[in-house]
Amino acid sequence: MELSVGLMIMLAGGVLVLPVLAFITSFLFWPGALLKAYNWYLRRRQGLVVRYSYNGSYRFCYHTRGKPGGATPSLLLLHGFSASKDMWLPLVKYLPRNQHVVCVDMPGHEGTSRTSAKDYGIQGQVSRIHQFVESIGLDKRPFHLVGTSMGGSVAGVYAAHYPAHLSSLTLIATAGLVYPTDSKFIRRLKEIDEGHGGNSVPLIPTTVQEMEDMAKLCYYNLPKISRQLLRGLLNNRIPNNDFYREVFMEIVGDKNRYLLQENLHLIKAPLQVIWGKEDQVLDVSGAAVLQAALPSCQEERLDNCGHSVAMERPRKAAKLIVDFLTAQAKKNS
Ligand SMILES: *[C@@H]1O[C@H](CO)[C@@H](O)[C@H](O)[C@H]1NC(C)=O
């Protein structure tokens, strides 16, 4: 559920640099292309390289920096519904330069193969991520897995199935739980189920207005965004909307919706939980559910923060993860 709203935050927040200003002028009428160019620019500036790996003819796209085998384990980051590996760019910026980090496009998203529904449910995604891990040899030593929202559900179920692969696990505003309190988003879904108020899913915008509503749903503090930027974000999403609907139906279906909850008892890896207190997509009461099931977990609830933690508070989220990794590494040495 992390969109590329991070970009508009950065653009709107005045982190503009000259080359980007040039882009803005030339792409004024192609705002979607501008956003893609800006991601490309950020990746370069942060020293991230885009790579591909394969399982048979299935292709994974990821970006990475650093080498495995440092003082802390490798980091694998799993993004949320309808986002891409680039949603992690703001967070990666605050990781130590020598930290080995891998951000992968989830099945069907961006550069990773788009196949069929069997790869889109949580279990299907876990199998694909497992193939990805093997395809780049990340399983040679235990790594730290981070997942947010839908990616959190995948990360948690992965931890339950492949405990030997992981040194530890971070779940950020994760999906897949039975939340004691309904969020605004869940209330909206229930209304749709009951046949009130149309059938447009708030996370699959089709107009500029719906795009803005989604951004507001995902952020607590959303800076002012120009219509031009909203248009760009929307233009990049619209060609994927049928795919997003297909994924969405899978992950909210009976087999998947609570799959993480059902697997919690199998998680052995040390767990860190991060959640924005003002999350309107998946209620922060989910953190207490994890705490009850896994009492030794380390829980961090962030004030004035919504669902898109990694984009709204990238510096804080990066620091929490690095501190957790460092503490775990000390414990094990
Ligand atoms: C694909 O992944 C599966 C599961 O990890 C593995 O058994 C198989 O060897 C892989 N195939 C290829 C062609 O890499």
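In each ligand, atom 1 is the first atom listed, and ligand 1 is the first ligand listed. Just so we're clear, the structure is a prediction, and the values are computed from it rather than from any experiment.
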**OP:** Please go through Tyr258's hydrophobic cluster and name the other residues, only I, L, V, M, F, W, Y counting, with side-chain heavy atoms under 4.5 Å joining them.
**Re:** Val178

Tabulation required: pairs of a nitrogen or oxygen in ligand 1 and a protein nitrogen or oxygen under 3.5 Å; columns are atom names and distance to 0.1 Å; otherwise 'none'.
unit_1   : atom_1 : unit_2 : atom_2 : d
ligand 1 : 2 (O)  : Asn55  : ND2    : 2.2
ligand 1 : 5 (O)  : Glu134 : OE1    : 2.5
ligand 1 : 11 (N) : Asn55  : ND2    : 3.2

**OP:** Taking ring pair (Phe, Tyr, Trp, His ring centres under 6.0 Å) as the test, write out the residues that go with His63, two or more places apart.
**Re:** none

**OP:** Verify, without hydrogens or angle tests, whether Thr148 (side chain) and Gly151 (backbone) share a donor-acceptor contact under 3.5 angstrom.
**Re:** no

Original post:
Taking only residues two or more places apart in sequence, or in another chain, which ones meet Tyr162 in a ring pair (Phe, Tyr, Trp, His ring centres under 6.0 Å)?
Top reply: His130, Tyr158, His165

**OP:** Assess the side chains of Glu312 and Ser308: does a donor N or O sit below 3.5 Å from an acceptor N or O?
**Re:** no

Subject >> Pairwise distance CG(Leu233) to CD1(Ile238) - rounded to 0.5 angstrom >> reply: 11.0 Å

